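Have a look at the structure below, then the notes.
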2 protein chains.
Amino acid sequence: MQKTSTAPAKFTHVQCGDCPIRHRAVCARCETDELARLEETKYYRSFEAGQTIVWSGDRMDFVGSVVTGIATLTQTMEDGRRQMVGLLLPSDFVGRPGRETAAYDVVATTDLVMCCFRKKPFEELMVQTPHVGQRLLEMTLDELDAAREWMLLLGRKTAREKIASLIAIIARRDASLKMQKSEGRVIVDLPLTREAMSEYLGLTLETVSRQISALRKDGVIEIEGKRHITIPDFDRLIEEAGDDSDGGFLV
Amino acid sequence: MQKTSTAPAKFTHVQCGDCPIRHRAVCARCETDELARLEETKYYRSFEAGQTIVWSGDRMDFVGSVVTGIATLTQTMEDGRRQMVGLLLPSDFVGRPGRETAAYDVVATTDLVMCCFRKKPFEELMVQTPHVGQRLLEMTLDELDAAREWMLLLGRKTAREKIASLIAIIARRDASLKMQKSEGRVIVDLPLTREAMSEYLGLTLETVSRQISALRKDGVIEIEGKRHITIPDFDRLIEEAGDDSDGGFLV
DNA sequence: CGCGAGCCTTGACCTAAATCAACCCGATGC
DNA sequence: GCATCGGGTTGATTTAGGTCAAGGCTCGCG
């Protein structure tokens, strides 16, 4: 596993945990540490909930990944209609190598820490070490799959199915990170406001609210406060989501 | 430009024209011909309009690109609701390296010729020659952008805007291939049935038909037969499409 | 303590698009 | 010549979700 390397000890895979970009984008199986070469250009940035990180059209001279918190990619039409097109959870990658300006608004929906690299050196590294590009291709293909699942949701699912799908998606992502199950019951904290959910799902926030209430009334979910959700029967939720190919998790 | 190469003459960039996968996926600027190594695994396949090339879940042991004709990627729910998630025009790439089975139905909507490579050797080539992977990453990122534009369309646009957008998308793709403009007027042949359009747009085919009629009645488009469309004022069409970031072409 | 701001819920009503249904048109086959 | 079939249009009606409007709850602040 542990390859001998010219990089100093502090760059070995022990540090993978604290820097998702390294973990996910580079040393997929902790076999390499090419990114060590970028160590001097690496920096952390913190944002408060609600803060916009980049505006669509702005110059964007970094790439990076989410360390903690949640960010979204959103598109806006002139008249203000908004559609979320990306939901970034910890370890997700932001920024497109080879593009000058941001194509979407990037917004922190919770307090957020990102790990960034200056884009130019990152791009150079990509050319030098195929490993990085290959990993990035894999991640981009995953994102594309997620986007396509999302398109099915937007184009064909009912409001109720959309809500059920979103809860399932978040539960799955959450679970894969934190394993919060107890005897089949799954517990999730929605990290999004009703408005953010509506932007994700292509609905109004009133409809989101109503459908969440309906799912609760029908016993599909239990709610404590506004955001804390318990799913007594996950299969039931999946059924409500109308998911054909389950197992696929979007985002 | 023309690099000396160990490959026989028949593999030089002169052949790029007749094999889009080589042109688009590999020798982006006709500088390389790595794919020559795959020449013996390359083959062409023809399909008739309406034929399904691969069923979602099927084993898929090739990758390839569209040479002529049009194919679609479609997702289906158990109850039959269908959403198109990819529209493949000539030179577009099909197939995900690293995936065993197809995630979507691939359907030929017109008579179609594809240029295919067996997946295994293609994947090996990708590891050996970073060039190929880099080009593929670029293409995948483009597709992801297109998917996100598409999500805005599905989630937030009205039926009329959706139709206008689709016509604009096809016109742009078409124009960039064939340059069919005459004094500002743009002429397109819709390569899709009303049903296929409805699957693209997340509408019913009746709504598609009605909105096309409405756009014609309002002079935004002129129609001859069922499929032949003239756009007297392209900017007007774009306006009807509600496009914010124009210039970006989806698909 | 009262006040306002955010976030959320619920109700009444409206409308865009879906649904159901009839029909047109051109090609294909017998 | 007639029947059939796939693709397309158009009309009447229904409905899911949007819109507008009135609160409710909680938290921070003067």
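Here is the naming used below: chain letters follow the sequence lines, and residue numbers restart at 1 for every chain. Everything numeric in this text was worked out from a predicted model, so none of it was measured.
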Legend entry - A:Thr101 versus A:Arg59, side-chain donor and acceptor atoms under 3.5 Å: no

Inset, instruction - Let me know which of B:Arg118, B:Lys119, B:Met114 forms a side chain to side chain contact (heavy atoms under 4.5 Å, CB included) with B:Phe62. - result: B:Met114

Inset, instruction - Give a yes/no on whether any side-chain N or O of A:Arg210 is located under 4.0 angstrom from OP1 or OP2 of C:dT10. - result: no

Inset, instruction - Scan A:Thr193 against the nucleic acid and name what it touches under 4.0 Å (heavy atoms): base, sugar-phosphate only, or nothing. - result: sugar-phosphate

Legend entry - Integer-rounded Å distance: C:dA17 C1' and B:Leu154 CG: 15 Å

Inset, instruction - Name the residue closer to the 5' end of DNA chain D, choosing between A:Arg160 and B:Val208 according to the nucleotide with the nearest heavy atom. - result: B:Val208

Legend entry - Between C1' of C:dC8 and CG of A:Leu192, the distance in whole Å: 15 Å

Legend entry - Interatomic distance, A:Lys157 NZ vs C:dA18 P [rounded to whole Å]: 18 Å

Inset, instruction - For A:Glu206 and for B:Lys226, locate the closest nucleotide of DNA chain C by heavy-atom distance; then report the residue assigned to the nucleotide nearer the 5' terminus. - result: A:Glu206

Inset, instruction - For A:Leu203, report the nucleic acid contact type (base, sugar-phosphate, nothing); a contact means any heavy atom under 4.0 Å. - result: sugar-phosphate

Inset, instruction - Indicate, with a heavy-atom threshold strictly under 4.0 Å, whether A:Ser209 touches base, sugar-phosphate, or nothing. - result: base

Inset, instruction - Scan A:Gly50 against the nucleic acid and name what it touches under 4.0 Å (heavy atoms): base, sugar-phosphate only, or nothing. - result: nothing

Inset, instruction - In whole angstrom, give the distance that lies between atom CD of B:Glu195 and atom P of C:dT19. - result: 13 Å

Legend entry - Shortest non-hydrogen separation from A:Leu88 to A:Phe93 and the atoms involved: CD2-O, 3.9 Å

Legend entry - Residues B:Arg81 and A:Glu161 bridged, charged N to O under 4.0 Å: yes

Legend entry - Euclidean distance, atom CZ of residue B:Arg82 to atom C1' of C:dA18 [Å, nearest integer]: 19 Å

Legend entry - Whole-Å gap separating C1' (C:dC7) and CG (A:Leu190): 14 Å

Inset, instruction - Determine: side-chain N/O of A:Ser213 to OP1/OP2 of C:dT10, distance under 4.0 Å, yes or no. - result: yes

Inset, instruction - Find the distance B:Glu224:CD to C:dG26:C1' and express it as a whole number of Å. - result: 16 Å

Legend entry - Positional range of nucleotides in DNA chain D within the contact set of chain A, heavy-atom, under 4.0 Å: D:dG17 to D:dC20

Inset, instruction - For A:Arg185 and A:Thr230, test the side chains for any donor-to-acceptor distance below 3.5 angstrom and give the result as yes or no. - result: no

Inset, instruction - Would you classify A:Arg227 as touching base, sugar-phosphate or nothing, given that sugar-phosphate means primed atoms plus P, OP1 and OP2, and contacts are heavy atoms under 4.0 Å? - result: sugar-phosphate

Legend entry - Value in whole Å for how far the P atom of C:dT9 lies from CG of A:Leu205: 9 Å

Legend entry - B:Ile163, B:Leu201, B:Leu203 screened by side chain to side chain contact (heavy atoms under 4.5 Å, CB included) with B:Gln211, the one that passes: B:Ile163

Legend entry - Side-chain heavy atoms of A:Asp145 within contact of B:Arg96, under 4.5 Å: yes

